[in-house]
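I have placed the structure first, in the form of structure tokens, so that the comments after it can refer back to it.
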Amino acid sequence: MHRRFPHLKSILACFLLLLSWAVPAFPSTPELVLSQPLTLRWVYGKDKTTNFTPATDGKTIYLPLSDGTLVALNASDGKLLWKSEAGGNFSAAPTADETTLYLATEYPTGDGSAVRGTLRALSKDTGITLWMRTLQAPLRGRLAAGPSAVFAGAANGVVNAFDKRTGATIWANSYGDEFDSQPMLDGDRLYIGSVGGWLRALNQSNGEVLWLVRTRGAIRGPIAVREGVLFFGSDDGHVYAVRNDRGKMVWKRRTGASVQAVAVVEDGVLASSFDNFAYLLSLRHGSVRWRQLLPGRVPARPVTAADGALFTPLSTDSAIVLNLKDGKPVNRLQIGQENSSSAAPVVVQEIVFLTTAQGLMAFGASR
């Protein structure tokens with residue numbers, strides 16, 4: 001090749017040089033490192049936060065406030081982009097897709113005899129309402145947005161699928177139960193837990209029940225999935241692993257109290273129990289690899305990274321990072337006063353966001 005094309009190397013070098021001039025070089029985004037010192041960048045919304053986890057699209061934080069206002073904040077510096085009056089108190093955690101933000105509120109009827117709900121779609125760019133639905137009962141837990149529909153469970157036992165473009169009902173299944181959970185979408189299925197202890201697998205397109213599993217306590221927290229297995233916790237004190245195809249039980253592991261949140265990491269399943277312990281369980285058998293006592297109950301899913309997991313215990317003045325290998329504390333994020341929020345921490349652009357009574361606090365690596 002070198003004999004036939006003696007100048008190939010020179011030509012290629014010139015091409016690469018020209019390409020370097022034409023295309024600016026951008027540094028790669030560093031991975032989140034929770035064990036390193038993280039300092040407070042900014043705070044927003046003092047004394048107005050709620051227990052609902054903010055929504056994000058990877059660059060903006062959408063924060064529901066206790067006065068019924070939703071604000072859009074630039075994640076990097078906390079700059080207010082817009083705010084919108086939701087028209088009532090928030091009843092579920094919001095969610096966002098590529099163009100739209102979805103939020104749910106509740107309000108009493110005129111005579112105070114009942115509580116109604118609304119579902120609203122807002123433009124992510126402006127906060128202007130695109131459509132709104134009035135509902136017989138408020139939506140609870142968290143909203144989940146799929147390719148063409150928004151899904152949520154309601155206080156009156158109805159699981160709903162709403163058209164994302166118009167808000168029209170695609171299907172609604174009524175059960176003799178109540179929902180206050182965080183539904184999960186995976187493939188063409190919707191997985192949702194109930195206060196009565198049922199985990200249901202539904203077809204997203206028509207609401208058909210594919211299978212259901214019963215526990216002895218409410219299922220309120222998030223559901224995780226790994227290699228065809230669903231992991232979730234229950235108020236009965238167990239962590240469950242079931243096959244996602246038929247709901248067949250793989251294993252269950254008892255903790256000391258109600259399990260509100262689970263998260264899957266490379267080497268196992270993280271579970272936070274109301275016995276004040278964090279557990280790492282093996283994926284295959286549910287055996288306990290380690291457990292670590294925390295200074296308070298943890299109601300929310302932790303943020304995880306390669307080097308650790310960040311938990312937000314109640315009734316303590318700091319968030320705690322545990323090493324994933326042995327469960328030992330390796331870092332703390334000081335929040336200034338006792339934590340009273342059950343909102344989960346959120347990560348955007350290598351910044352960790354904590355919802356506290358002090359406001360939404362943004363922590364990042366020292367610049």
Side-chain angles (χ1 to χ4, degrees), residues 50 52-58 60-64 68 70 72 84-107 115-175 177-194 199-210 219-223 225 343-344 346:
T50 70
F52 296 114
T53 303
T56 181
D57 59 4
T60 305
I61 291 286
Y62 303 96
L63 177 66
L70 188 133
S84 177
E85 298 296 329
N89 296 320
F90 291 99
S91 64
T95 192
D97 62 16
E98 295 79 5
T99 62
T100 309
L101 179 72
Y102 306 93
L103 54 92
T105 61
E106 61 183 0
Y107 64 94
V115 177
R116 305 297 188 205
T118 68
L119 176 65
R120 191 185 302 259
L122 306 182
S123 165
K124 288 200 314 181
D125 293 331
T126 63
I128 294 175
T129 298
L130 304 176
W131 53 256
M132 187 189 75
R133 279 288 311 276
T134 301
L135 308 170
Q136 288 297 311
L139 305 176
R140 298 291 192 202
R142 184 178 68 85
L143 308 179
S148 59
V150 178
F151 303 91
N156 62 352
V158 177
V159 178
N160 302 272
F162 303 98
D163 188 294
K164 290 172 64 173
R165 299 167 302 172
T166 64
T169 298
I170 300 175
W171 53 261
N173 292 355
S174 182
Y175 304 102
D177 204 344
E178 181 182 348
F179 293 91
D180 187 13
S181 60
Q182 302 182 37
M184 185 194 71
L185 306 179
D186 185 46
D188 61 352
R189 296 188 177 186
L190 164 69
Y191 301 99
I192 186 168
S194 73
L199 178 70
R200 293 178 171 87
L202 308 177
N203 186 307
Q204 288 186 32
S205 61
N206 57 21
E208 176 189 1
V209 179
L210 304 175
I219 302 172
R220 304 179 189 273
I223 302 164
V225 62
V346 176

Would you check if Leu119 and Trp131 make a side-chain contact, meaning some heavy-atom pair closer than 4.5 Å? yes
Should Leu135 and Asn160 be marked as a side chain to side chain contact (heavy atoms under 4.5 Å, CB included) after you check the CA-CA gap, both sets of side-chain angles, and the distance that decides it? CA-CA 10 Å; Leu135 308 170; Asn160 302 272; 5.7 Å; no
If I take atom CG from residue Asp163 and atom CD1 from residue Ile170, how far apart are they, to the nearest 0.5 angstrom? 5.0 Å
Atom pair CZ (Phe151) and OH (Tyr191), whose distance is rounded to the nearest 0.5 Å: 12.5 Å
Run Lys124 and Asp57 through side chain to side chain contact (heavy atoms under 4.5 Å, CB included) and show every step you take. CA-CA 9 Å; Lys124 288 200 314 181; Asp57 59 4; 2.9 Å; yes
When you measure from the side chain of Arg120 to the backbone of Thr129, do you find a donor-acceptor pair of N or O atoms at a distance under 3.5 Å? no
So Leu199 and Ile223, side chain to side chain contact (heavy atoms under 4.5 Å, CB included) or not? Walk me through it. CA-CA 10 Å; Leu199 178 70; Ile223 302 164; 3.6 Å; yes
Residues Ser123 and Asp125: side-chain donor-acceptor under 3.5 angstrom: no
So how far is it from Leu139 CG to Phe162 CZ, rounded to the nearest 0.5 Å? 5.0 Å
Glu106 vs Arg140, test: salt bridge (Lys or Arg N to Asp or Glu O under 4.0 Å). Steps then yes/no. CA-CA 10 Å; Glu106 61 183 0; Arg140 298 291 192 202; 2.8 Å; yes
Compare every heavy atom of Leu143 with every heavy atom of Ala92, then report the nearest pair and how far apart it is. CB-CD2, 4.3 Å
Gln204 versus Arg189, side-chain donor and acceptor atoms under 3.5 Å: no
With side chain to side chain contact (heavy atoms under 4.5 Å, CB included) as the criterion, how do Val159 and Trp171 come out once you've worked through the C-alpha distance, each side chain's angles and the decisive distance to 0.1 Å? CA-CA 8 Å; Val159 178; Trp171 53 261; 4.0 Å; yes
Side chains of Val115 and Pro138 in contact at under 4.5 Å (non-hydrogen atoms): yes
Distance to the ring centre below 6.0 angstrom and angle to the axis at most 45 degrees; does that hold for Arg200 and Tyr175? yes
Heavy-atom closest pair (Leu101 atom, Pro94 atom, distance to 0.1 Å) is CD1-CB, 4.4 Å
Point-to-point distance, once rounded to the nearest 0.5 Å, from CZ of Arg165 to CG of Leu130: 13.5 Å
Would you check if the side chain of Thr53 reaches a backbone N or O of Ala344 as a donor-acceptor pair within less than 3.5 Å? yes
Phe179 side chain near Ser194 side chain, heavy-atom distance below 4.5 Å: yes
Taking all non-hydrogen atoms of both residues into account, name the closest pair between Gly127 and Ser84 and its distance. O-OG, 3.4 Å
Interatomic distance, OH@Tyr102 vs CZ@Arg142, rounded to 0.5 Å, equals 14.0 Å
Considering all heavy atoms, the nearest Gly207-Leu202 contact: O-CD2, 3.9 Å
Taking the side chain from Arg220 and the backbone from Ser181, do they hold a donor-acceptor pair closer than 3.5 Å? no
Quick check: closest heavy atoms across Gly117 and Tyr107, and the distance to 0.1 Å? O-CE2, 4.1 Å
To the nearest 0.5 Å, what is the distance between CG on Asn156 and CG on Asp177? 11.0 Å
